[in-house]
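Report on one structure; see the data block that follows.
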Amino acid sequence: MPRGTMHEIRNTYGDGHLIFVLRCIRQTRNNRDELWSETIGAISDILIQRPDWALDRAGEVLEAFDHIPLGPLRGEAVARRPWPVRGSLRMLIYKHLESILDEPEQRLAV
């Protein structure tokens, strides 16, 4: 359930991180209703792994989520069960964010 995931994220990373994760969903086009536990967790995981995005480029991250179809991506991740939905979704979202936020040279170096 989303509440458990949100509680876990808040306790581990704090209110500010949780609020930003939720903003990535609720304050972007076409994603307002995508408050699934796997989606919340996947976005949190990405932002923890890429603090350069979360801390230095928050506005760009929010703008990027306007172009990422979270619902269809979650459907794609669910279709890949028995693989964990959160992990599959994390990779799918990350690929979209990377293509928007990273320069081509950076993607090759990582």
Side-chain angles (χ1 to χ4, degrees):
M1 293 293 166
R3 285 186 184 169
T5 301
M6 289 188 289
H7 184 72
E8 170 193 327
I9 292 168
R10 181 177 180 239
N11 286 343
T12 305
Y13 303 110
D15 290 332
H17 176 75
L18 176 60
I19 289 168
F20 187 61
V21 168
L22 296 176
R23 286 182 66 203
C24 288
I25 300 168
R26 296 288 296 165
Q27 293 182 356
T28 56
R29 266 182 267 166
N30 303 319
N31 291 322
R32 291 185 177 106
D33 297 327
E34 298 302 324
L35 289 173
W36 297 90
S37 60
E38 297 94 346
T39 305
I40 295 166
I43 293 170
S44 173
D45 295 344
I46 292 166
L47 296 176
I48 289 301
Q49 290 300 310
R50 291 298 304 262
D52 57 314
W53 289 349
L55 299 175
D56 302 332
R57 302 171 65 192
E60 292 175 64
V61 170
L62 289 173
E63 188 175 315
F65 272 99
D66 283 336
H67 306 286
I68 298 173
L70 293 177
L73 291 180
R74 183 179 180 280
E76 197 174 325
V78 168
R80 282 165 173 64
R81 284 182 177 156
W83 291 351
V85 173
R86 181 173 173 168
S88 298
L89 185 55
R90 177 176 50 235
M91 185 274 307
L92 294 169
I93 294 170
Y94 185 86
K95 295 288 286 175
H96 279 270
L97 284 169
E98 182 181 54
S99 72
I100 297 168
L101 297 172
D102 278 351
E103 297 295 324
E105 315 77 64
Q106 289 178 309
R107 284 196 302 265
L108 295 175
V110 175

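Computation of the quantities below employed the complete heavy-atom set of this structure, encompassing side-chain atoms and omitting hydrogens, waters and symmetry-equivalent molecules.
Panel note: side chain D45, backbone R90; no donor-acceptor pair is recorded below 3.5 Å.
Sequence neighbours left out, the pairs with a member in residues 7-20 that pass side-chain hydrogen bond (donor to acceptor under 3.5 Å, both in side chains) are H7-N11, R10-D15, H17-S44. Among pairs with a residue in residues 75-85, none fulfils side-chain hydrogen bond (donor to acceptor under 3.5 Å, both in side chains), at least two apart in sequence or across chains.
E34 is not listed as a side-chain neighbour of I68, based on a closest heavy-atom distance of 4.5 Å or more. In this structure the side chain of L73 reaches within 4.5 angstrom of the side chain of H96, judged on heavy atoms. The shortest distance between side-chain heavy atoms of T39 and N31 does not fall below 4.5 Å.
By the criterion of side-chain heavy atoms lying less than 4.5 angstrom apart, applied directly or through intervening Ile, Leu, Val, Met, Phe, Trp or Tyr residues, L62 is grouped together with L47 in one hydrophobic cluster.
Remark: D33 pairs with no residue by the salt bridge (charged side-chain N to carboxylate O under 4.0 Å, His left out) rule, at least two apart or across chains. Considering only residues two or more places apart in sequence or on other chains, R23 meets the side-chain hydrogen bond (donor to acceptor under 3.5 Å, both in side chains) condition with Q27. In this structure, D56 has no salt bridge (charged side-chain N to carboxylate O under 4.0 Å, His left out) partners at least two apart in sequence or on a different chain.
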Requested in this report: Just do the side-chain contact (heavy atoms from CB on, under 4.5 Å) check on M6 and L22 with the steps written out, would you?
Outcome: CA-CA 9 Å; M6 289 188 289; L22 296 176; 3.8 Å; yes
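Taking a 4.5 Å side-chain heavy-atom cut-off between Ile, Leu, Val, Met, Phe, Trp and Tyr, the cluster of V85 extends to V78.
The aromatic ring centres of W53 and F20 sit 6.0 Å or more apart.
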